[in-house]
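Reading through the structure tokens given below for one structure.
Source: prediction; values computed, not measured.
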Amino acid sequence: MTREPQAQGEGRVLEVADLWVEFATPGGTVYAVNGVGFDLRRGETLAILGESGCGKSVTALAVMGILRAPPARFRARTMRLGEVDLLRASPAEMRSIRGARIAMIFQDPFMSLNPTKTVGQQIGEVFRVHRGVSQAEARRLAIGLMERVRIPSAKRRVDDYPHQFSGGMSQRIMVASAIALGPEILLADEPTTALDVTVQAQIMDILAELRRESGMAVVLITHDLRLAAETAERAAVMYAGRIVETGPMADIYARPRHPYTIGLLRSLPDDEGQRRRLHPIAGTPPVLSQLPAGCAFVPRCQWAQARCSRELPPMRPVAGEQACACHFASELTLA
Amino acid sequence: MDEPLLRVEGLVKHYRLDDGSAFRRSGKTIRAVDGVDLTLAAGETLGVVGESGCGKSTIAKAVLRLEEPTAGRAWFRGQDLFGFSRRAFRQVRRELQIVFQNPYASLNPRMRIGDIIGEPFEVFPDLVPGADRKRRIGELLERVGLSPAAAGRYPHEFSGGQRQRIGIARALALRPALIVCDEPVSALDVSVQAQIINLLEDIQKDSGVAYIFIAHDLTVVRHISHRVAVMYLGRIVEEGSVEDVFERPTHPYTQALLSAAPNPARSHDSRIILAGDIPDPSDPPSGCRFRTRCWKATELCAREEPALAPRTSPAHRSACHHAADHG
């Protein structure tokens, strides 16, 4: 799956450069995101991959402008949504952008739904707030969206409350509200992690169809390498608040270059059921309040040298569009 | 024929649902497990897969009598498990242990690790003499890859993966013949998951313990199991060796489940997308319970519940009137 390299700036719907997020906590400052940069091209799916605490969700919340500050503090060199500079947007501008141009869905749909309102009211609310349509019109539009995300008997179910829906149906309702105004970007934060695998397949199929129809770009935030490998064109792998590897998803899956990505793939049972012994990554992720000066992966890396603890490796191209933040990336192979 | 380590026949566990009124029951019954047979040989791993509400965890609880079964029988080394008084059952229970999904909830936060792991020795004081317990706890900690010094610390000082190791050490304390692992790695990150899976494999190799491995992650189950049972709405719909079930699935539900799991090595186009949700387990469909979501369903399926029947080998069985033929 190789794609034509695109000219600088062309077709980019989102650009983030040098994003830093930290949280002031009683236990000290937690450095959650440490200089993250990526861009998103029109209509593509970019996977942000990593394990718990790597900063992938915080990155998305910062882009959405919904990080609560304090306790969060954040800064970035660039954060642009098309022609809009998100760093300079007023709270009112951000409110009109959120939902209309960039939307987000979360792991737990029940947390995001209001239990006291019907699902039709909640989906319709987007139209009432952003478009000022009548209640009857909002309801009609809500039914249309419920049909688009394949909720059976939408006309009847539009007046039901969230608790009357299963987890999978609730996530469809969240998808319906998120796509209501036809956003250019959907941030999907572990959208299927809480769901059963057959339901996950349904939701991913719906997202793929919406993408095809509308050209919406998706940022898929996930810990699931296989889901990402199936869904995304490009990926950014995060560790301890930094992107350590980026490039075409298929290339990363076939030939990871960063020791952390290599470790993640070797931790997985074989795709084809070959029963080889798993190769876990030793140890545990670093504490984000005490990040080391050099590469944060050093204590778990089998290839680490003295230099790695001293010097933070910069992101460098390794092959084609693939880039990696490791001093020794070009010398490593997935055994 | 040799008596297997564990044999379960016709296991049923129903839960009565209360409608909130103090005087009346709603009459609704959740049929969590509704007639399940299982066998497990010593040293074997039986994977149990299926989606939420299929009854896989309920089987574990019923076999260990953490929940009293509604009906059915079970024999452990030929002894009638459900026939014991609760008191007598405790002696058998020594050899039947469980590791839970959530290593945060299953360890008492106010107890030191050494006391958590040594608690079974208090319950069975004649098993390990008091003087030897400290040494034995140290050995158990080392067995699961932790330092014996961990004994003096508290659960909150450990990561999720380390806590799961502690849970495994506790399960091993009484040298069980069977450990039920109920989603033991699903709360853990991938890199840590692999550590725990390797540990469970090593323990089995050394001690010959048998596992019932309950999980929703199919690749993990395929990796660790010898045999697999696939459940849907309280029933086993297919069972057999890992190779039979994963390479030659015959039940439409097994086929859909396997095809739904993300797998970059396989083409998307062949994916089976099921319609709708799992039906309400208090009101399962007539006949075959899967028929409401099945693309092969016919009028026969609504009328007659299919029985488990042999497929590609005598031990490979599935319950479907229209099972795929791999012959």
Side-chain angles (χ1 to χ4, degrees), chain A residues 49-54 150-152 165-169 192-206 208 222-231 249-250 253-254 260 263-285 287 300, chain B residues 49-54 145 158-162 186-199 201-202 216-226 232 242-243 245-247 253 256-268 271-280 293:
Chain A
L49 267 166
E51 298 181 282
S52 32
C54 73
R150 305 180 210 154
I151 293 175
F165 290 84
S166 65
M169 288 298 157
T192 57
T193 305
L195 305 176
D196 279 318
V197 61
T198 60
V199 180
Q200 166 171 283
Q202 295 169 345
I203 299 283
M204 295 313 292
D205 193 51
I206 290 167
T222 181
H223 71 284
D224 187 333
L225 279 155
R226 290 197 176 87
L227 184 70
E230 254 196 13
T231 314
M249 184 69 234
Y253 195 77
Y260 174 63
L264 270 185
L265 277 158
R266 290 174 52 154
S267 299
L268 289 180
D270 185 73
D271 282 341
E272 303 294 336
Q274 289 296 320
R275 261 189 251 173
R276 52 161 183 79
R277 189 162 171 85
L278 305 182
H279 298 276
I281 304 175
T284 45
V287 178
R300 308 177 75 185
Chain B
V49 298
E51 299 179 284
S52 24
C54 73
F158 295 89
S159 68
Q162 288 168 327
S186 22
L188 305 175
D189 275 322
V190 182
S191 65
V192 180
Q193 241 182 40
Q195 297 172 3
I196 299 296
I197 292 166
N198 282 352
L199 176 64
E201 286 181 330
D202 291 344
H216 68 276
D217 184 327
L218 296 167
T219 60
V220 169
V221 168
R222 185 176 192 178
H223 175 86
I224 203 166
S225 307
H226 303 106
Y232 188 79
V242 166
E243 293 74 20
V245 172
F246 279 85
E247 287 163 31
Y253 178 66
L257 191 67
L258 296 181
S259 105
N263 184 347
R266 196 187 45 209
S267 145
H268 258 232
R271 173 158 290 166
I272 302 162
I273 305 273
L274 291 179
D277 281 342
I278 298 172
D280 181 353
R293 302 171 77 198

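In this structure, chain B has heavy atoms under 4.5 Å from both the backbone and the side chain of A:E51. Residue contact with chain B, scored on non-hydrogen atoms closer than 4.5 Å, involves the side chain of A:R300 exclusively. Only the side chain of B:I197 comes within less than 4.5 Å of a heavy atom of chain A; its backbone N, CA, C and O stay farther away. Neither the backbone nor the side chain of B:S186 comes within less than 4.5 Å of any heavy atom in chain A. Heavy atoms of A:A208 lying under 4.5 Å from chain B are absent altogether.
B:A275 and A:Q202 get closest at one heavy-atom pair: C-NE2, 3.9 Å.
The greatest number of non-hydrogen atom pairs below 4.5 Å with chain B, out of A:L268, A:L195, A:L278, is found for A:L278. Between chain A and the residues B:A260, B:G161, B:G50, the largest count of heavy-atom pairs under 4.5 Å involves B:A260. Put simply, of B:Q193, B:R293, B:Q195, the one with the most heavy-atom pairs under 4.5 Å next to chain A is B:Q195.
Annotation: the span from A:T198 atom OG1 to B:I278 atom CD1 amounts to 5.5 Å, rounded to 0.5 Å. Rounded to the nearest 0.5 angstrom, A:S166 OG and B:D280 CG are separated by 11.5 Å. Rounded to the nearest 0.5 angstrom, A:H223 NE2 and B:S191 OG are separated by 11.5 Å. Between the CZ atom of B:R222 and the CG atom of A:D271 there is a distance of 9.5 Å, given to the nearest 0.5 Å. We find the CD1-CZ distance between B:I273 and A:R150 to be 7.0 Å, quoted to the nearest 0.5 Å.
Looking only at side-chain heavy atoms (C-beta outward), B:D202 and A:R277 come within less than 4.5 Å of each other.
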For this session: With side chain to side chain contact (heavy atoms under 4.5 Å, CB included) as the test, would you mind laying out the steps for B:E51 and A:V197 before giving the verdict?
Result: CA-CA 7 Å; B:E51 299 179 284; A:V197 61; 4.1 Å; yes
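Of the charged side-chain nitrogens involved, at least one lies within less than 4.0 Å of a carboxylate oxygen, so that B:R271 and A:E230 count as a salt-bridged pair.
Here B:Q162 pairs with B:S159 under the side chain to side chain donor-acceptor pair (under 3.5 Å) rule; sequence neighbours left out. Partners of A:A228 by side-chain contact (heavy atoms from CB on, under 4.5 Å), not counting sequence neighbours, listed by chain and number: A:A47, A:L49, A:T222, A:M249.
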